[in-house]
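One structure below.
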Number of protein chains: 2
Amino acid sequence: MAVTMKDVAKLAGVSPSTVSRVLNNSSLVKEDTARRVMEAVKKLNYEINDQARILRTNSSRLIGMIGAGMENPFLAKVLKGVENEARQRNYNIIYGDSDGELKLELKFLKIMKQRKIDGIIIISANIYSSLLEKVKESEIPVVFGSGYINDPDISCVTVDNVTAAYEAVDYLVNNGHKKIGVIQGPYSDAVASAERIKGVRLAFRNHGIELDDKLIAEGDYTFESGYTGAKELLSRNNDLTAIFAFNDEMAIGAIRYLQESGISIPRDISVIGFDGIDLSKFVKPALTTVEQSGYELGSKAVEMLDSLIQGKPLSNNKIFIPHKLVERESTEMHFGEVVGKRR
Amino acid sequence: MAVTMKDVAKLAGVSPSTVSRVLNNSSLVKEDTARRVMEAVKKLNYEINDQARILRTNSSRLIGMIGAGMENPFLAKVLKGVENEARQRNYNIIYGDSDGELKLELKFLKIMKQRKIDGIIIISANIYSSLLEKVKESEIPVVFGSGYINDPDISCVTVDNVTAAYEAVDYLVNNGHKKIGVIQGPYSDAVASAERIKGVRLAFRNHGIELDDKLIAEGDYTFESGYTGAKELLSRNNDLTAIFAFNDEMAIGAIRYLQESGISIPRDISVIGFDGIDLSKFVKPALTTVEQSGYELGSKAVEMLDSLIQGKPLSNNKIFIPHKLVERESTEMHFGEVVGKRR
DNA sequence: ATGAAAGCGCTAACAT
DNA sequence: ATGTTAGCGCTTTCAT
């Protein structure tokens with residue numbers, strides 16, 4: 001079998017405890033013995049057995065992350081932020097992709113508990129219902145990253161969805177748009193999508209515009225659903241001048257449908273997205289979008305979680321990361337009805 | 001502390017060994033005692049401590065995956081395939097994103113070894129040099145997933161890069177293109193990019209076309225580098241009729257640059273990508289590309305690795321996943337020089 | 001069919 | 001400053 005501490009101890013002529021002390025650079029070990037131990041480590045090519053250490057210390061330096069759909073580039077950035085910040089802090093990540101299925105999320109939670117993770121980060125739309133309950137009763141430190149959780153015990157970090165969506169609509173209205181279609185997330189998404197809808201409604205109300213249900217289509221954050229969402233909206237409203245999609249992929253899918261239908265963007269219809277993924281700069285027309293940093297979200301989540309794990313209470317356990325409306329080519333001013341302009 | 005096997009044993013009136021047996025549904029335990037044990041498990045809400053089991057059995061059911069750049073949607077699909085297949089087989093994934101830095105990859109390898117991973121999957125361009133050496137000497141079962149590894153001991157699964165690139169060029173030439181620019185991966189990428197260049201050269205040679213170095217630009221698989229790569233190619237060759245980019249992102253970045261320069265696609269220049277990410281269907285013009293399935297690559301890698309871990313030798317340790325040229329809107333026939341057609 | 005006992009490799013009192 | 005001892009929670013011979 002592999003080299004153990006005992007082997008190192010024997011070679012260095014000390015006890016295993018001393019080796020352990022050296023490796024954890026703990027309480028004063030004589031410099032000379034430390035050197036001897038390190039030499040033995042080198043010579044034997046010794047590498048500590050983390051699993052034994054974990055069992056003994058009851059600390060796995062493992063953070064679980066449950067996310068819904070890694071092919072979403074925004075989530076990928078979050079994961080990257082998590083992974084990077086975690087590594088700086090000497091944690092490793094064990095990732096589970098639930099695709100938004102509650103059943104899978106619960107399964108991951110169980111697996112991760114058994115693996116004795118030190119904490120967990122959850123980026124999911126299913127944060128009400130049983131998942132939240134199970135997490136709370138598991139007593140594992142947790143940070144949610146998909147929206148605002150209205151529970152004082154639960155830490156979360158997220159963009160301010162309500163305000164951000166409000167600003168997107170506000171921007172469109174200020175540019176002369178009154179007939180604005182929305183492609184939202186799945187109805188089952190009780191967090192990000194629900195919060196954004198709230199912001200949309202607020203903006204409409206404040207501008208004295210009615211938000212007819214005909215103006216809302218359901219999507220699932222994929223290109224495809226943006227495509228079909230736009231189709232749906234167009235068929236139900238022949239006077240649309242703008243579309244707000246709840247992520248960039250859907251916005252791009254929508255643009256694709258509009259272009260195929262011979263509709264010019266932004267001349268005929270303005271389109272605005274959400275997230276600001278890398279791609280948004282490179283599509284044609286370049287996408288106007290509400291930008292947020294997934295990387296920052298991820299690293300912030302780890303920062304918070306690390307505090308929680310160390311038992312340090314957070315002075316603020318509800319954190320908003322910044323967002324910014326970035327104006328590019330897919331939106332423009334709308335100057336009232338122009339006869340025969342379209343269709 | 002948490003509930004242990006001992007607690008369960010006491011409640012069920014049996015010994016810990018029996019509980020262990022029941023939990024591993026091992027050698028005949030009387031049905032009645034098994035039921036009693038399971039009842040106790042339920043009642044106490046007992047969950048096994050994986051870390052203790054790992055220490056004892058020396059099997060962590062953990063697979064390490066080292067990848068370079070998760071924001072690459074193709075890699076994201078690979079990870080998803082890995083994660084899914086792994087879960088079916090009762091493994092968990094511990095993922096490290098090296099961003100292609102060899103130093104980080106070596107660090108991850110070390111960390112993962114200490115965590116006693118059962119096997120490792122590496123999707124990286126740095127597979128020659130020290131990484132391959134270190135992995136071999138670590139004796140951890142490994143599967144490479146970024147290209148063909150010319151070492152009989154090393155298992156790999158990949159698209160057939162040489163043939164796929166050959167076919168892309170072949171397709172362009174058969175469509176009348178003679179001046180074809182290439183945006184390749186980083187020079188440091190000794191695998192996928194190098195193999196594809198090989199295929200490109202082969203195709204050129206077989207068609208009796210010279211491959212001038214002026215026709216090759218270096219990219220790094222990002223949109224940006226596709227954009228600047230196209231710029232570079234155009235500035236050096238004013239008679240280009242086609243561009244082959246080594247992934248879809250670069251192809252899309254290239255298209256963006258061309259469009260900004262008033263060049264029409266595919267009328268003036270045809271563009272072909274590689275990978276077939278979801279997005280390729282939804283950009284305008286939709287991208288012609290060499291499609292491969294990242295998901296399949298990932299799941300296949302786990303399948304192979306699982307065999308290796310179980311000590312079952314692979315009948316074939318070099319596997320190619322299928323690829324297919326998908327013709328969409330970004331390429332078309334080229335009919336010789338048309339004066340004043342462009343610029 | 002079940003229990004007793006040993007031990008995986010490490011750390012942390014406690015003792016010296 | 002270092003060694004001795006016990007034990008983390010589990011599995012696995014070896015008995016019975």
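Naming convention: chains lettered A, B, ... in sequence-line order (proteins, then strands); numbering from 1 in each chain. Excluded from the calculations below are hydrogen atoms, water molecules and symmetry mates; all remaining heavy atoms, backbone and side chain alike, are included.
Residue T33(A) places no side-chain atom within donor-acceptor reach of the base of dT2(D), judged by atom type and a 3.5 Å distance cut-off alone. A donor N or O paired with an acceptor N or O is not found under 3.5 Å between the base of dA12(C) and the side-chain atoms of T57(A).
One can place CE of M5(B) at 15 Å from C1' of dT2(C), the figure rounded to the nearest angstrom. Atom-to-atom, CG of D32(B) to C1' of dA1(C) comes out at 12 Å; the value is rounded to the nearest Å. A straight line from NZ of K10(A) to P of dC10(C) spans 14 Å, rounded to a whole angstrom. Rounding to whole angstrom units, CZ of residue R115(A) and C1' of dG9(D) are separated by 16 Å. Remark: P of dG7(C) and CG of N58(B) are 17 Å apart, rounded to the nearest angstrom. Atom pair D7(A):CG and dC10(C):P shows a separation of 9 Å (rounding to whole Å applied). Regarding R21(A), its CZ atom lies at a distance of 8 Å from the C1' atom of dA1(D), rounded to whole Å.
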Determine whether I123(B) and L75(B) satisfy the following criterion, side-chain contact (heavy atoms from CB on, under 4.5 Å), listing intermediate values before the conclusion.
CA-CA 8 Å; I123(B) 318 279; L75(B) 233 200; 3.9 Å; yes
E85(B) vs S299(B), test: side-chain hydrogen bond (donor to acceptor under 3.5 Å, both in side chains). Steps then yes/no.
CA-CA 5 Å; E85(B) 186 68 29; S299(B) 62; 4.5 Å; no
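For the residue pair Q51(A) / S60(B), no side-chain donor-acceptor distance below 3.5 Å is found, with atom types taken as modelled. A donor and an acceptor atom, one from each side chain of N92(B) and R115(A), are located under 3.5 Å apart.
Where G13(B) and R56(A) each meet DNA chain C at their nearest nucleotide, the meeting point lying more 5' is that of G13(B).
For the pair S20(B) and dT11(D), the criterion of a side-chain N or O lying under 4.0 Å from OP1 or OP2 is met. Close to dT2(D), at under 4.0 Å from its OP1 or OP2, lies no side-chain N or O of T18(A).
Near DNA chain D, meaning a heavy atom under 4.0 Å away, the residues from residues 34-55 of chain B are Y46(B), I48(B), N49(B), A52(B), R53(B).
Side-chain contact between F108(B) and I94(B) is absent, with no heavy atoms from C-beta onward closer than 4.5 Å. The side-chain heavy atoms of D50(A) and K116(B), taken from C-beta on, include no pair separated by under 4.5 Å.
Heavy atoms only, all atoms of each residue included: L23(A) and V41(A) are closest at CD1-CG2, 4.3 Å.
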